[in-house]
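Heads up: the structure comes next, in structure tokens.
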Protein chains: 2
Amino acid sequence: MDNRKKKILQAIIEEYINTAEPVSSGSIVKRYGLDFSSATIRNEMAELEKVGYIEKTHTSSGRIPSAKGYRLYVDELLNDQNINLAEIKYIQSKLNAKVNELEDLTKITTSTISEVTHYTTVAIGPKAQIQNIQEIKFVLLGTRMLMAVLLTEDGLIKETIIKFDQDITEDQVETLNYIFNNKLRGMPLDSIDKPLEEYIFSHMNYSLAVIKPIIEQLNRVVNEEEKIYLEGTNKAFELPEFKSLEIAKNFINLIDQKEIMADLLNTGFANDINVYIGDENENEKLKDFSIVTFRHRYKNKDLGTIGIIGPTRMDYSKVISVMKYINKKLNGK
Amino acid sequence: MDNRKKKILQAIIEEYINTAEPVSSGSIVKRYGLDFSSATIRNEMAELEKVGYIEKTHTSSGRIPSAKGYRLYVDELLNDQNINLAEIKYIQSKLNAKVNELEDLTKITTSTISEVTHYTTVAIGPKAQIQNIQEIKFVLLGTRMLMAVLLTEDGLIKETIIKFDQDITEDQVETLNYIFNNKLRGMPLDSIDKPLEEYIFSHMNYSLAVIKPIIEQLNRVVNEEEKIYLEGTNKAFELPEFKSLEIAKNFINLIDQKEIMADLLNTGFANDINVYIGDENENEKLKDFSIVTFRHRYKNKDLGTIGIIGPTRMDYSKVISVMKYINKKLNGK
DNA sequence: TTTTAGCACTTATTTGTCAAGAGTGCTAAA
DNA sequence: TTTAGCACTCTTGACAAATAAGTGCTAAAA
């Protein structure tokens, strides 16, 4: 792969990202200041095709990038500072809002990314199970309802409601607070389980009718799938790829299945931008799409993952640039 | 409108709902046990068209129902007990799950309706602003973070986090609990406002640095748009209407705009099934779609609204039957 | 008076053909 | 090594013709 070939490949990919049409040798000569004739470009293109970076849709058509082509582009060729002043200002204005909860920040970030990149954006909160409990508090609401609030060492907050068939007294709440904090402080969230229930019941001699529903509900909350945030589904429908009913349907099916989205977001390396192009994706259903994710960690705290999902013909340069910038901003918060 | 005309109209509508193709005079004779020739049906159809219940797509085509036709069908002709044993069993199994929070019930109900009807289903929780406060509790998390929990007289629970630039003591929390409950018990949620802040500051002589963020955040939480629950977006894409890119795009645009969905769900009569057919909808964007909503109240408590959104060619009989049944079940809970 | 057989007429849909256009691969010359 | 030139391939759009589905109307039958 000499330099000229790379330049031509880059031109093909960028032209294709812009126009969504197969790229001809002529159009490259015209628009990409390469000082050769179309015949020369044609020869180079034939070789690029032989090594699998580009493809033809039919014998006499222009070329489109293959997944392998995009991969080289993403790894070596693209500009990852492709972000302008207007975009920077917009992102700043959004991210400067004061937020009290990580959830709000996730929502804002997700919608901001979708606005700036014009792609559908998904996000998921940090995994609860692996975190350690810092504090747990019970609050009596009315006479037969408790709210339990869990605070983890990483600052994640989980709350849930537990209903009882009998009245609960403020004294009981106080005891519960004492027992649970005493037992759980510093422990991982997933240690709220059956053995704990038995331990409290037998060693601390506390009413099972109260303990049991609490443990069960806390266990449920801690283990339930994290919520998925989704923004800009409609953005995808502006893309020419979505003229194909097949593609549109697959896309909607994908983002409608929260488990698939959760899996997608929970793979990849932390604090790095992960790009999965077309059939690089393990999931067969994703072969026509690309995903760019970012698992955000800050000061060793897991802050969840944000991902962009779109057609393989995605503006990787813009997407990656925006992700990088947002990450920098988030770490400054 | 004599009886025979109504029968023919019903046949046309039900055939169209099944096939999504314009209905010819011949097909009705064949499939709907009406003992007349196609010529007779044709004459009747010409008259039904004259009064606006059905329409033609071109001079020699079969007929499709107009909004007015669907309206008559919904008001007078359809079977609202169109639900079979398998569906009843399925709904029962889903709704029998024990839930601690209204939110969980809403989620389950929404997805159940979508599964049974095969249409996209949306829901919104009860409006908070109009409810009265029963209890308010503050919980200290760490040293600079409060969780505020609001319980309304209707049983709605709202919680939120407030962060401070200074440490908060347990004594302060106790005072806050006293002040707020004392002042707000029995008051509507939207009375948490600036005047209240000033009152507490001046009359109770309490630190503004603590009061102000609390009031602001509570106010924000109480007034923010209720969350929208959405299930089965992909179901819509199985319908022949969604072969049209135009329709598909409009649909996605609609359900992506939470404010439109909220408006939609917040109109209509409580405890009644509301049907809006095609251009009966006020919103121009909805002219190709129908909405069936149900504002659920029980023992005078607002429990939110559930809605089905689909093409005007919707299986109203099934949708209304399922809604009615679900309502009955919910009221038994 | 109501119903219906029969037929002319309308429109959509499908199929085939043709010409134009875009782009390639290859050859031979620069 | 590059490129002009040209034959070749495939797509796209336009047009025409054939087919099919269905209506409206007329005149006869019930």
Side-chain angles (χ1 to χ4, degrees), chain A residues 1-9 11-16 18-66 69 240-241 243-245, chain B residues 1-9 11-13 15-16 18-66 69 240-241 243-246:
Chain A
M1 275 298 274
D2 58 37
N3 224 323
R4 189 171 75 180
K5 278 208 183 58
K6 283 190 183 170
K7 273 217 171 111
I8 292 174
L9 179 60
I12 292 173
I13 292 181
E14 289 177 359
E15 180 74 0
Y16 186 62
N18 280 328
T19 64
E21 298 288 333
V23 181
S24 73
S25 52
S27 67
I28 298 189
V29 176
K30 226 179 291 166
R31 277 187 282 281
Y32 288 82
L34 283 159
D35 218 5
F36 301 96
S37 78
S38 67
T40 308
I41 307 291
R42 260 199 308 281
N43 289 333
E44 294 283 56
M45 281 165 84
E47 292 191 47
L48 280 169
E49 185 178 359
K50 210 170 289 166
V51 251
Y53 290 115
I54 53 179
E55 291 166 355
K56 276 198 279 203
T57 57
H58 58 87
T59 29
S60 72
S61 78
R63 303 306 207 294
I64 61 174
S66 68
E241 277 80 356
K243 293 242 158 64
S244 150
L245 191 68
Chain B
M1 277 297 275
D2 58 36
N3 224 324
R4 189 171 74 181
K5 278 208 182 60
K6 284 189 182 170
K7 274 218 170 109
I8 292 174
L9 179 60
I12 293 173
I13 292 180
E15 180 75 0
Y16 186 62
N18 279 330
T19 64
E21 298 288 334
V23 180
S24 72
S25 51
S27 68
I28 300 190
V29 176
K30 225 179 291 164
R31 275 187 283 281
Y32 287 83
L34 282 159
D35 215 4
F36 300 96
S37 78
S38 69
T40 308
I41 308 290
R42 261 198 308 281
N43 290 333
E44 293 283 55
M45 281 165 84
E47 292 190 48
L48 280 169
E49 186 177 0
K50 211 170 290 167
V51 252
Y53 290 115
I54 53 181
E55 290 166 356
K56 276 196 279 203
T57 57
H58 59 86
T59 27
S60 73
S61 79
R63 303 306 207 295
I64 61 173
S66 66
E241 277 80 356
K243 295 241 158 67
S244 150
L245 191 69
E246 184 67 14

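Sequence lines set the chain letters: A, B, ... in the order given, protein chains first and strands last, and positions in each chain run from 1.
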Side chain of [X] (C-beta onward), nearest among [options]:
| X | options | answer |
| --- | --- | --- |
| Thr40(A) | dT3(D), dC10(D), dT23(D) | dT3(D) |
| Ala39(A) | dT3(D), dC10(D), dT23(D) | dT3(D) |
| Ser60(A) | dT4(C), dT9(D), dT2(D) | dT9(D) |

Using whole Å, report how far [atom1] of [X] lies from [atom2] of [N].
| X | N | atom1 | atom2 | result |
| --- | --- | --- | --- | --- |
| Met45(B) | dG22(D) | CE | C1' | 9 Å |
| Glu21(A) | dT24(C) | CD | C1' | 17 Å |
| Arg42(B) | dG24(D) | CZ | P | 8 Å |
| Glu15(B) | dG22(D) | CD | P | 10 Å |
| Glu44(A) | dT3(D) | CD | C1' | 13 Å |

message: Applying the side chain to side chain donor-acceptor pair (under 3.5 Å) criterion to Ser25(A), which one of Arg63(A), Lys30(A), Arg42(A) satisfies it?
response: Arg42(A)

For [N], does either OP1 or OP2 sit under 4.0 Å from a side-chain N or O belonging to [X]?
| X | N | result |
| --- | --- | --- |
| Ser25(B) | dT23(D) | yes |
| Arg63(B) | dG24(D) | yes |
| Thr59(A) | dC10(D) | yes |

- prompt: Rounded to the nearest 0.5 Å, what separation is found between the CE atom of Met1(B) and the CD atom of Glu47(B)?
  reply: 10.5 Å

- prompt: Can you tell me how far CD1 of Ile41(A) sits from CD1 of Ile8(A), rounded to the nearest 0.5 angstrom?
  reply: 4.0 Å

Between [X] and [Y], which heavy-atom pair has the shortest distance, and what is it?
| X | Y | result |
| --- | --- | --- |
| Leu9(B) | Leu48(B) | N-CD1, 4.1 Å |
| Thr59(A) | Lys56(A) | O-NZ, 3.3 Å |
| Glu55(B) | Ser66(B) | OE2-CB, 3.5 Å |

- request: Tell me which residues in residues 49-58 of chain A put a heavy atom below 4.0 Å from DNA chain D, sorted by number, or none.
  value: His58(A)

message: If the helix axis at each end comes from five base pairs, how far does the helix from dT1(C)-dA30(D) to dA30(C)-dT1(D) deviate from straight, to 10°?
response: 30°

